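Given the structure is predicted, the values throughout are model-derived calculations rather than measurements.
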Amino acid sequence: LCLSVQALLIFGGANVIVTGFLLPIQDLDALVVVKSALLYLVPVLFWYVLKPYLLERQEAKNIKREYLRIKFNTEIFETLLKKQKQITVSTDGIGINIGNPKGTHTLVKVCNPYCGPCSYAHPKIEMLLEEIPDLKVKIIFTTPNDRSYAAYKPVAHLMTIASQANDERTIKQALDDWYLMEKKDYDRFSIKYPINSGLDEQEGNIEAMFDWCNEMNISFTPTIFINGYQLPEAYGIEDLKYFLLE
């Protein structure tokens, strides 16, 4: 169709020039001929320049479509998941628990309170909890039991809030306020969530979490485990909803 249209335009142009419909042939100068030729050549050249780019984009879309079809195949996800590191040390009695305590799906987030990627992952987990009613989440901190360590105070504070809170909403709000804080400021956080006692009681809990992280050879944060296995690198937290809702 495109070639036919171009042929008609060329024949029409030739007809105009030959019959002298536009200008008598003797009045045509080189500049007019060049401009007329460019009117036809520019679209053709433009198409030849643009065509490879458009074809490449279309091919990229097709490749992405096929990749996503494979990526979100449940059998492939389960196969990849079972090849990842498995939780071999019990997580009972450690960390902060939120979500459905009787949920059949368990997500474990191993994190550091000052870790940027951990803060980025937090709202994704919150969104997942809203979308997956059958999900329970456990948050484990990699902080050593050392009061001189920068992360000790916020971890002890969050653990104390979790142990003393009467409802999960308070725990979630405290986690939101900490992780969504643009600049981590423990003094400001502690004023908003005052605690008169209980911080010293968290030493054992912090020690237990740190020992667990060492036994599991946690090398980076956040490390995410889903149903006992570390989340494969090809998947993000937001991708889990496609599998956990099935």
| query | Are V110 and W212 side-chain neighbours, meaning at least one heavy-atom pair lies under 4.5 Å? | reply | yes
| request: Give a yes or no on this: more than 12 heavy atoms of other residues, nucleotides or ligands lie within 6.0 Å of atom CE of M127. | output: no
| message | Do D177 and Q173 pair up side chain to side chain, a donor and an acceptor below 3.5 Å, judged on atom types alone? | response | yes
| message | Donor-acceptor check, side chain of D239 to backbone of G236, threshold 3.5 angstrom: yes or no? | response | yes
| Distance in Å, L54 CG paired with E56 CD, rounded so as to fall on 0.5 Å steps | 10.0 Å
| query | For M216, does its backbone N or O pair with a side-chain atom of K85 as donor and acceptor, under 3.5 Å? | reply | yes
| message | Quick check with a 6.0 Å cut-off and a 45 degree axis cone: is K71 positioned over the face of Y235's six-membered ring? | response | yes
| task | Decide whether I171 and L135 are clustered together by the hydrophobic rule: side chain heavy atoms of Ile, Leu, Val, Met, Phe, Trp, Tyr closer than 4.5 Å, transitively. | result | yes
| request: Rounded to the nearest 0.5 Å, what's the gap from CD on E130 to CD1 on I125? Could you check? | output: 13.0 Å
| query | Taking atom types as modelled, is there a side-chain donor on D167 or T170 under 3.5 Å from an acceptor on the other? | reply | yes
| Expected output: side-chain K241 to main-chain E238 donor-acceptor under 3.5 Å | no
| request: Look only at the side chain of N100 and the backbone of D134, and say whether a donor-acceptor pair between them is shorter than 3.5 Å. | output: no
| said: So, applying side-chain contact (heavy atoms from CB on, under 4.5 Å) with I139, which one of L107, I94, L175, L158 is it? | reply: L175
| message | Do L240 and H105 have side chains that approach each other closer than 4.5 Å (heavy atoms only, starting at C-beta)? | response | no
| When you measure from the side chain of K109 to the backbone N and O of C118, does any donor-acceptor pair fall under 3.5 Å? | yes
| field | Hydrophobic cluster membership, L245 vs I237, 4.5 Å side-chain cutoff | value | yes
| query | Is any side-chain heavy atom of T142 closer than 4.5 Å to a side-chain heavy atom of T223? | reply | no
| Minimum heavy-atom distance L129-G99, with the two atoms named | CD2-CA, 3.8 Å
| said: If you define the side chain from C-beta out and look only at heavy atoms, does anything of E66 sit under 4.5 Å from N62? | reply: no
| query | Rounded to the nearest 0.5 Å, what separation is found between the OG1 atom of T106 and the CD1 atom of I87? | reply | 8.5 Å
| request: State, with a plain yes or no, whether a side-chain heavy atom of Y53 is found less than 4.5 Å away from one of L50. | output: yes
| task | Give a yes or no on whether L9 and W47 share a hydrophobic cluster (residues Ile, Leu, Val, Met, Phe, Trp, Tyr; joining criterion: side-chain heavy atoms under 4.5 Å apart). | result | no
| Is a side-chain donor-acceptor pair under 3.5 Å present for K138 with N97? | yes
| remark: One should read off an interatomic distance between T143 OG1 and K153 NZ, to the nearest 0.5 angstrom, of 14.0 Å
| Distance only, no hydrogens: is a donor on one side chain within 3.5 Å (strictly under) of an acceptor on the other, for S119 and K184? | yes
| With a 4.5 Å heavy-atom cut-off, do E59 and I63 have their side chains touching? | yes
| task | Check the hydrophobic clustering (I, L, V, M, F, W, Y; side-chain heavy atoms under 4.5 Å; chains of links allowed) and say if V89 and F141 are grouped together. | result | yes
| query | Near E168 CD, under 6.0 Å, is it more than 12 heavy atoms from other residues, nucleotides or ligands? | reply | yes
| message | How long is the straight-line distance from CG of L180 back to CD of E126, given to the nearest 0.5 Å? | response | 8.0 Å
| In terms of side-chain heavy atoms, does Y186 have a donor or acceptor partner in H157 at a distance below 3.5 Å? | yes
| remark: When F243, Y229, F72 are each screened for ring-ring contact (aromatic ring centres under 6.0 Å, His included) with F77, the one that passes is F243
| query | Do C111 and Y179 have side-chain heavy atoms sitting under 4.5 Å apart? | reply | yes
| message | Looking at Q86 and K82, would you say the former's side chain and the latter's main chain have a donor-acceptor pair under 3.5 Å? | response | no
| task | Looking only at non-hydrogen atoms, find the nearest pair between L81 and P232 and report the distance. | result | CD1-CD, 3.8 Å
| Is it true that R147 and D200 make a salt bridge, defined as a side-chain N closer than 4.0 Å to a carboxylate O? | yes
| field | Closest contact, heavy atoms only, D185 versus M181 | value | N-SD, 3.1 Å
| said: So, taking the atom named CD in E75 and the one named CD in E78, what distance separates them when rounded to the nearest 0.5 Å? | reply: 9.5 Å
| message | Please determine whether side chain to side chain contact (heavy atoms under 4.5 Å, CB included) holds for the pair E201 and T160, giving the CA-CA distance in whole Å, both sets of side-chain angles, and the decisive distance to 0.1 Å. | response | CA-CA 8 Å; E201 299 173 6; T160 303; over 6 Å; no
| query | If every non-hydrogen atom of P222 is compared with every non-hydrogen atom of F220, which pair is closest and at what distance? | reply | O-CE1, 3.5 Å
| Are M159 and F210 in one and the same hydrophobic cluster, where Ile, Leu, Val, Met, Phe, Trp and Tyr link if side-chain heavy atoms are under 4.5 Å apart? | no
| query | Could you go step by step and tell me if W178 and Y114 meet the ring-ring contact (aromatic ring centres under 6.0 Å, His included) rule? | reply | CA-CA 9 Å; W178 177 262; Y114 287 103; 5.5 Å; yes
| query | Is any side-chain heavy atom of Y242 closer than 4.5 Å to a side-chain heavy atom of T74? | reply | no
| message | Show the nearest heavy-atom pair for residues Y152 and D146, with the distance to one decimal. | response | CB-O, 3.4 Å
